[in-house]
Amino acid sequence: MAPGKGNKQEKAAAAQSNVLVAIVLADSFDDLFQPLSFNKPRCLLPLCNVPMIEYTLDFLASSGVKETVVVCKSHSQAIEAYIKQSKWMRVHSPMKIKITIVRKPNSLGEALCEIDDTPFVSDFILCTGVVISNMDLSQLVKAHMANKHKDPEQVMTMLLQEATPSHRLRDKSEESVYVINPRTNRLFSLDSVSSLPKTSELDIPISVITDNPEVEIRADLIDTNVYICSPLVFSMFRDNSDYQTVRRDFIHSISTSPLESATFYAHILAGTSSIGADGRTAINRSASGRRGVSSRGAGSVGSKDEGGISNHDLAYVSHSGYAAGVIDTSSYDAISRDLIARWAYPLCPDSNPADETAYSYNRGAVYKADSVVLGRESRVEHHVMLGSNSHVADFAQVSDSVLGTGCRIGEFATVRGSHLFNEAKVGKGSVVERSVIGERVNILENVFVERGCIIGDDVTIGPNVRVPEFTRIARWLPQEIGDDSSDSENYASSDDESGLDSDSDEGNGKGTRNTRTSGSAGERATAVSAAAPGTTGNALELESFDLNAVGTSGVGYVWSNVMGGHDRDGVSANTRAWLRRLRTVGSVLGDITTAEEDLSKEQVASASVKVSDESFEHELRQSIKCSFERDYDVGVAGFEINNLRFTFNGSQEDIRRIVTQEILKSIDVSALPGSAEHVVSRWGELIKRTVSSNLEQVNVVDIVERFCALDGSLEESVRSRLFLLVLRFMYELDIVEDMAIVYWYNKASEKADGDDVSQDLVQKIATFVEWLEEESSSEDEEGDDSGSDEDEGSDEDEDSD
Amino acid sequence: MFGATSQPYDAREPEFKAVVLTMSDNDMYPLTERNNMTKALLPIANKPMLWYILQWLEQGGILDIKIVTTRESEADISNYIEVYKGMSNITVKGLSEVSGSADALRQLAPQIKGDVIVVPCDLLIDVPAVHFLDLFRIRRPAMATMFYEVMRSEGGGGSSKARVPLPVVGIDQPTSRLVLLEDVESDEELQLPMSLIRRFPSMAVSDKMQDSHVYVLQKWLLDYIVNSTDIESLQDDLLPLLVSAQSDPELFESSKLEKYMLKASSEQDVADDHDAAALQFELSESAAKPTDPTSSDSLQVFVYIRRGGIAGRADQIPQYCDLNYIATKLSIDPRVEESAELLKNVQVSADSMVGQSSKLGERCLVKRSVIGPHCIIGHNVKITNSVIMDHVTIGDNAVIESSILCKEATIPDGFQITNCEIGAKVSVFENSSLNKKTRTVDDYM
């Protein structure tokens, strides 16, 4: 079938088809690129002025892939149209491309379920999102195939890139810890945890360590979103289509599940960063040669002793290369910088895969296309890419940025670390800092776009406004505000009536959208003006744009950062907003600390200790009330409490406190002695179950006292009476023993009034305590059994009343 | 980087002083019984195990060696050193009351002026000492140690096979720092603080790594040991303390390690100023000195890991047998000494060894075994997987399998011994066979 590349698949079993197939998931099923991906699918957005999908296809073709399936959902027409006119459809194309359109899926898992897997008889490459790489994957595929003979359970090899913790490619919103056996490259566990709030501990099953001669615990790896999968993966996704991501959900749950025997492998690319293969101490590595005998010893200090493991097939694979996936605007920015800084050589802007525009490489990594006009006094400094026909006026500064075709930078304007798509304009004296600016965006004069902004296509901003950091502005408002599914779904594109041609859709849609949403836009404008006090534009309302934000001549709406503040997985909306922000262009590592501070402040403000604690208390109170209302058996009620305790991992102290308080609440203070006796005798057993030691009995007295002294619903007159009565009944029912009451009384009477204890209440039980003391001493003398307690107690009842 | 060691070169004062600890414990009973010999002199491939470690040190350029032993064994070891042919300057010191390795060091401290390397007498390792010492020379950690991957057992002899579980060790790969040392019960989960993972994002973790008990200590750490009498053992007390203090600033301070370290670095500064003119070629001290002496990060414990090589400690009988087998296989000495007398049809396999002046009767078969000097072995004897020390007498038709016979033991004709340790001077006189037994002279009193 492929005479030239035949040798690459010689290890594949003869029965299997030896054509290498790849699946590219063009849809990301999230909204991290909104509003840029509003009109155009994400994979067609330009990265260094080349549509991103080109890099992926080029990477696959050069890895010897013969057939690629592009799976898309939203904007499928646009993708189809693009592929049709691309070089991949020409006769001499080395790779066939098929487009599969899926309609329903809202997640990666569902999408994979919908794909017809019949053509995938052999292992295939799966790229989620857009992958940029200069690697030849065929070697890795070969190693994967060879390993399959050794381990028939192997379902996936993932490609990981080594990088320092502060590397710009790193996803700042999460921390991933990989546990890998360095000798077989088997991946044992993968824990991805959100970086907000920070987790403090990681549990590793001890069996992983005892079963292997050695494992590596790595937190310095980045998922490249390239996976080599066996066709088994399809059936695994069908079993559970909830998986949102390959790494966090699929691999994590399969590798931790005791039912699954599937194994995962990881291939690590030595880093592009300075601390990589060379920084690692060769001394430790070099000794990996199992056959190294005494005389040679660890002789090869300073080189990676790969010869020693040459019987492992994975050792054939080169350990360097560049691979990274565009999953959010932060990684988009990082990859763009890597390309410009030639980290992915030979993949750089002057030799990019789409052969349309030729760029020349100049000093300071400045790439220039044809007919670029630079003002005599302009400063175009390091790491800049200038698309054809772009124009930088006098006294303008551009650095670390990418300018698309026909961009115009006005006089005295500054563009730093930003990405300007085709025909964007930056007016005189404006500043654009670490942002992504869509096509045909017009930034007027004296506008300051702070870092992390994403400006959608066709927006006009200005003049004289300041766009606060991490703002998203679009020409249109998202149609369904507060849509519940927004978190996982690109809402805008999902209702992009995919039956229609996308061009006409855009034409028709504009007017309707505008009118439909104008009502809420006004509200939004006021909300924004409150949020952004720095805006200088006057509040004259023209149409219904967010003029405070976009300026008097502006055209566009501010999209609030978090759509639908629905509380999911116990993560607050604010946390989610921060996590989202960490994945946006322009975010820096320091933001994590800022976010932590912000979130801890939030917690202090709402005076809540922990989300789970709060809900535990709430649930528990509900459950107890329910038991009272329905008059459950004490045993049943206790069982429910116990259940809750295990679900929420609640502490015994909390349960004791809450149960006691609820029981006291249910006492009818107007019918005091009777009601108190009834309630305590009916439900006292519940309190008793939470008490095991003497000190805990004292704690119960404490709780009762606090309740009687502080509960708002009680009248002053009944407080002390209630206290005494409850204590007495508790004593009678053996919930608290005399010792505990006496002990508490002695302690309490030493304390000052007010701070911890109400002396009124303490005084009230003085006689009761006295009697208790007498009773216990007389008991001692008589050596009596406790049978007479109750009679004595009821006598005392009269006394104290 | 020639001058990167922070110790200015002084011909009179060697860079390292080596301390060889030869105190024996009961793990090797009955081999280390009084009748037999002291542990350091037990033969491995017909050479005392002490020979191997002395060679290792000499090849690493350490010529100032002090052997620490008990009073009882002092004479024996001194006698051996008399005949030991080496170039190093060896002194033997017998101590009367030693409670542990740190305690031994404490007693020796007055005679040690610089950094010290502590080695056990029972180690066999194929890594040249230089590689290990270079790690210490370049980075100047407080302490450097060496771990090795436990070798697969060769099924050597002995009646006991139990192994102590090893702790879980974690090594930061880029720097080869030892950052985790934790005993974990089986069927638990290993809990790792995320702060540790963040700080050392590429960590190798294993429970198959054994401490070789080779330690290099900076002088200040030695001073610290001298004044901390609660530290008894380097392996069990000092190493865990240092590893935890690395990532625990409070412990670093409360254990007074910080004080000693600061003192050492300030003295170093003074010394450097003095010699600055004389040693102008000496490069910047950044590599030698901790960057920030106040943080616990400057306290470093390095570990050299020997993976998959030949390394082991003869600290237990099965390991002793394994090492005998391996050392015999690799030995460059003649398999059968010239003075040995082999009668007709004797087969000695290539992985066996026969000591000088030993006599083997007709049709003897020796496989995977070491036979010491001056043994008298009868006709048709089969010896497999065993260690036979000197002056052993074995009767005709005996079968010795996976066993150790200490010196001057006597085995009667036709006797079968499997998985046994026979103490010194024992004359076995059971009926016909022994299996999984230990016999000493006392058993036959």
Side-chain angles (χ1 to χ4, degrees), chain A residues 162-166 175 177-183 191 193 195 198-221 268 271 275-276 278-299 301 305 308-309, chain B residues 124-128 130-132 134-135 138-139 148-150 152 165-166 168-177 180 184-209 302-311 326-327 329-330 332:
Chain A
E162 199 174 50
T164 50
S166 56
E175 294 175 300
V177 181
Y178 299 81
V179 180
I180 295 170
N181 179 340
R183 298 180 198 185
D191 290 273
V193 287
S195 54
K198 270 194 173 160
T199 37
S200 59
E201 250 172 13
L202 178 81
D203 289 344
I204 295 169
I206 199 77
S207 61
V208 170
I209 293 167
T210 51
D211 293 350
N212 289 294
E214 190 177 9
V215 289
E216 281 180 356
I217 297 175
R218 305 284 301 257
D220 59 346
L221 300 174
I268 298 170
I275 297 183
D278 308 323
R280 132 186 321 211
T281 323
I283 299 169
N284 272 340
R285 280 280 125 219
S286 65
S288 58
R290 288 201 151 266
R291 298 190 185 149
V293 197
S294 61
S295 58
R296 203 170 63 85
V301 174
D305 189 1
I309 47 166
Chain B
L124 221 84
I125 195 154
D126 60 355
V127 184
V130 213
H131 289 310
F132 169 59
D134 281 350
L135 187 70
I138 295 168
R139 313 273 191 131
Y148 58 85
E149 189 176 354
V150 180
R152 206 162 43 87
L166 296 172
V168 172
V169 293
I171 301 120
D172 179 42
Q173 306 231 48
T175 57
S176 57
R177 271 173 82 172
L180 179 76
V184 181
E185 315 262 315
S186 56
D187 70 79
E188 258 181 41
E189 294 213 312
L190 177 66
Q191 281 198 335
L192 290 179
M194 275 303 284
S195 55
L196 189 74
I197 295 174
R198 283 184 203 114
R199 208 169 132 206
F200 305 109
S202 173
M203 183 163 48
V205 175
S206 173
D207 71 338
K208 309 284 184 299
M209 298 294 171
F302 275 39
V303 61
Y304 184 100
I305 300 280
R306 178 64 175 134
R307 292 178 176 88
I310 289 164
I326 291 165
K329 221 164 65 168
L330 296 174
I332 48 166

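Throughout, a chain's letter reflects where its sequence line sits, starting with A, and its residues are numbered from 1.
No side-chain donor-acceptor contact under 3.5 Å links B:Lys208 to the backbone of A:Glu214.
With a threshold of 4.5 angstrom between heavy atoms, A:Val215 approaches chain B through its backbone and through its side chain.
Atom CE of B:Met194 sits about 6.0 Å away from atom CG of A:Leu202, to the nearest 0.5 Å. With rounding to the nearest 0.5 Å, the separation of CZ in A:Arg183 from CZ in B:Arg307 is 6.5 Å.
Pairing each heavy atom of B:Asp207 with each of A:Ile209, the nearest pair is OD1-O, 3.3 Å. Considering all non-hydrogen atoms of both residues, B:Pro201 and A:Asp220 come closest at O-OD1, 3.4 Å.
Residues satisfying the salt bridge (charged side-chain N to carboxylate O under 4.0 Å, His left out) criterion with A:Asp203, sequence neighbours excluded, are absent altogether. B:Ser195 meets the side chain to side chain contact (heavy atoms under 4.5 Å, CB included) test with B:Pro193; sequence neighbours excluded.
With respect to chain A, the highest number of heavy-atom pairs below 4.5 Å among B:Ile125, B:Ile197, B:Val169 belongs to B:Ile197.
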